[in-house]
Amino acid sequence: MTTFDANGITLERVREYVWEIPREGDMRVPARVLASEALLEEIEDDKTLEQIKNTTHLPGITNYAICMPDGHQGYGFPVGGVGALDAENGCISPGAVGYDINCGVRMMRTNLTYDEVQGHEEELVDSLFANIPSGLGGGGIVEAGVDTIDEILARGVDWALENGHAVEDDLLHCEDEGMREGADPDKVSQKAKDRGKNQIGSLGSGNHFLEVQRVTDVFDSAVGDAYGLAEDQIVVLIHCGSRGLGHQTCNDYLRKIEQQHKGLLDQLPDKELAAAPAGSQLAEDYYGAMNAAINFAWVNRQLIMHRTRQVFERVFDRSWEEMEMELLYDVAHNIAKKETHAVNDEGDERELYVHRKGATRAFPAGHPEVPKAYRDVGQPVIIPGSMGAGSYVLRGGENSMDLTFGSTAHGAGRLMSRTQAKNEFWGGDVQQDLEDQQAIYVKAQSGATIAEEAPGVYKDVDEVVRVSDELGIGDKVARTFPVCNIKG
């Protein structure tokens, strides 16, 4: 048997790209890491393996705790982690969702070609940066009063449609049609609402960005046609989440769990995995608050997309309808959803809280929750890479339900902390090199932000996607490459 040893943890090779940490001690299930040996050697550099092993201690965890090919150290639960916890006898964990609830991505396609954009890059990046709020703190496209923020939390993108920030087609091409059922604005604290009310329609900071891209490769022409993608086409990728509202909501419930469920917390090897028992009032309250924050994030990305359409109209002197600026898909990353999955070889099904933290839902063709437009080919999966390496569009693979509870990776995955990145790179140099060597125009609030997100900070997105494709959990459809990028 082939093994891999890292930091005192031994992984056994189950099959190609599937490595297992066998169950021992108080582990309730084994842990699995989906990676090539090259990716494993990067994963061993931080606490990812220790964290995915700790995750197996959560009550009700089913089959395996899973780490995706882009996995890296997070808060308690690794980024790139998937854990399916029994919704009746298990628990729900804010730490396994993350602070930025529904951090996610959406891609908008256009009928513009790269030739049509060349020569407009600087005007485009300047206009996008001037018109789309970014960076730490406040500032959004709309500012909401008490009633408006509650409507956004309850209704999601349906609110944006009613108020002129969306069209019907936008809802049809968003996960859950842009509205999570079970959202309860009353379970979101006033402090969280106050943090979010002037941030609606803003990128925030860190690794969040808006990137204009060109499609460089289409690997599957039939699926590419279904997604409306062709080589040399211009698309726009938006990556952000629920801003201060989501962060505060996570923090509020972590503190409540520490007070109300200390007994469960004391049983876990890492208090950052804090969880509320399924069926408890706190579990129900968190689920309602989390779903509300999910809706907030979808509205946030919708407003940014709407403003992007307006910027393109001014730069290219055409209506966004003429440019066919349509939403391809929007998919969440940091989320816990009640889903029904087969849990054994006999096909017995259970309702589970499927926690995807820095992981993407990847449902295959035929699944009823895939939008009708894509049901015959599978759910679009959007994998952002670094701003110097390009991104990918995948489709949910036929093996995803068996291997990963219908999930795959969500990005390239970090190699360096932000502090280390700022010590290694100088933002101005990175910005100039991207423009001079790759014709990529980047604008950000500070040079430090660019340094934190330098291409060298991230793993090889090509390798992450290759493993996903080989495993059949997310199949390659198209590759894109940056044209211009704005960051907080």
Side-chain angles (χ1 to χ4, degrees), residues 1-4 9-36 40 49 52-69 71 77-78 80-93 96 275 277-279 335-357 359-370 375-379 381 394-409 467-475:
M1 176 180 288
T2 303
T3 61
F4 185 93
I9 296 174
T10 299
L11 296 94
E12 299 175 353
R13 184 179 177 274
V14 176
R15 64 182 181 87
E16 188 76 11
Y17 308 122
V18 180
W19 302 81
E20 186 166 292
I21 303 172
R23 184 179 175 187
E24 63 179 16
D26 292 330
M27 291 171 65
R28 298 173 186 266
V29 294
R32 284 193 166 182
V33 180
L34 310 183
S36 61
L40 274 182
L49 296 177
I52 198 66
K53 185 177 179 181
N54 288 343
T55 299
T56 67
H57 294 249
L58 286 165
I61 192 161
T62 302
N63 293 2
Y64 313 100
I66 307 164
C67 181
M68 293 295 152
F77 197 93
V82 174
L85 312 180
D86 193 291
E88 184 178 347
N89 301 309
C91 59
I92 186 168
S93 171
I335 200 166
K337 300 180 77 169
K338 284 185 181 178
E339 296 174 0
T340 300
H341 288 267
V343 296
N344 54 34
D345 293 338
E346 288 70 48
D348 295 330
E349 293 187 335
R350 296 286 291 174
E351 187 176 56
L352 307 168
Y353 287 118
V354 181
H355 295 67
R356 297 183 180 96
K357 180 180 180 181
T360 308
R361 193 180 78 168
F363 284 175
H367 195 287
E369 289 191 41
V370 176
R375 200 164 295 163
D376 289 345
V377 296
Q379 175 211 307
V381 175
L394 315 182
R395 67 158 173 178
E398 62 180 14
N399 296 332
S400 68
M401 303 307 285
D402 291 335
L403 291 179
T404 59
F405 298 98
S407 313
T408 191
V467 171
S468 175
D469 186 72
E470 292 281 347
L471 284 169
I473 57 177
D475 306 332

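Side-chain contact check for His355 versus Thr55: every heavy-atom pair is 4.5 Å or farther apart. Residues Asn63 and Phe405 have side chains in contact (heavy-atom distance under 4.5 Å, counting atoms from C-beta outward). Taking the side chain as every heavy atom from C-beta outward, Arg350 and Glu88 approach each other to under 4.5 Å. For the pair Arg361/Gln379, a side-chain contact is recorded, criterion being any heavy-atom separation below 4.5 Å from C-beta on. The shortest side-chain heavy-atom distance between Arg356 and Met68 does not fall under the 4.5 Å cut-off. Looking at heavy atoms from C-beta onward, Lys337 lies out of side-chain contact with Tyr353 at the 4.5 angstrom threshold.
For CG of Asp376, the number of neighbouring non-hydrogen atoms (other residues, nucleotides, ligands) closer than 6.0 Å is 12 at most. Atom CG of Asp345 has 12 or fewer neighbouring heavy atoms from other residues, nucleotides or ligands inside a 6.0 Å radius. The neighbour count for Asn344 CG, taken as heavy atoms of other residues, nucleotides or ligands under 6.0 Å away, is above 12. Within a 6.0 Å sphere centred on CD of Glu12, other residues, nucleotides and ligands contribute more than 12 heavy atoms.
Residues Cys91 and Ala275 come closest through the heavy atom pair SG-CB, 3.7 Å. For Phe77 against Lys357, the heavy-atom pair with the smallest separation is O-NZ, 2.9 Å. For the residue pair Val82 and Thr404, the shortest heavy atom distance occurs at CG1-O, 3.9 Å. Looking at every heavy atom in both residues, Ala359 comes nearest to Gly81 through CB-O, 4.0 Å. Closest of all the heavy-atom pairs between Thr56 and Met27 is OG1-CG, 3.2 Å. Here the shortest heavy-atom pairing between Arg28 and His57 reads NE-O, 2.9 Å.
A distance-only check finds a donor-acceptor pair linking the side chain of Ser468 to the backbone of Gly474 [under 3.5 Å]. Checked by atom type and distance alone, the side chain of Arg395 never pairs as donor or acceptor with a backbone atom of Pro364 at under 3.5 Å. Side-chain atoms of Arg375 come within 3.5 Å of backbone atoms of Val370 as a donor-acceptor pair (strictly under, hydrogens ignored). At distances below 3.5 Å, at least one donor-acceptor pair connects side-chain atoms of Ser400 with backbone N or O atoms of Ala362. Under the 3.5 Å distance criterion, the side-chain polar atoms of His341 are left unmatched by any main-chain donor or acceptor of Leu352. Side-chain N or O atoms of Thr3 include none that pairs as donor or acceptor with a backbone N or O of Leu11 at under 3.5 Å. Remark: the backbone N or O of Pro30 is not paired with any side-chain donor or acceptor of Glu20 at under 3.5 angstrom.
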Go through it in stages, so that I can follow the logic: the residues are Leu471 and Asn399, the test is side-chain contact (heavy atoms from CB on, under 4.5 Å), and I'd like the CA-CA distance, side-chain angles, deciding distance and then a yes or no. CA-CA 7 Å; Leu471 284 169; Asn399 296 332; 6.0 Å; no
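Here the CG-CG distance, from Leu58 to Asp86, works out to 12.5 Å after rounding to the nearest 0.5 Å.
In summary, of the residues considered (Val467, Leu394, Leu403), a side chain to side chain contact (heavy atoms under 4.5 Å, CB included) with Ile473 occurs for Leu403 alone. Among Val14, Leu40, Leu34, the one residue that satisfies the side chain to side chain contact (heavy atoms under 4.5 Å, CB included) test with Trp19 is Leu40.
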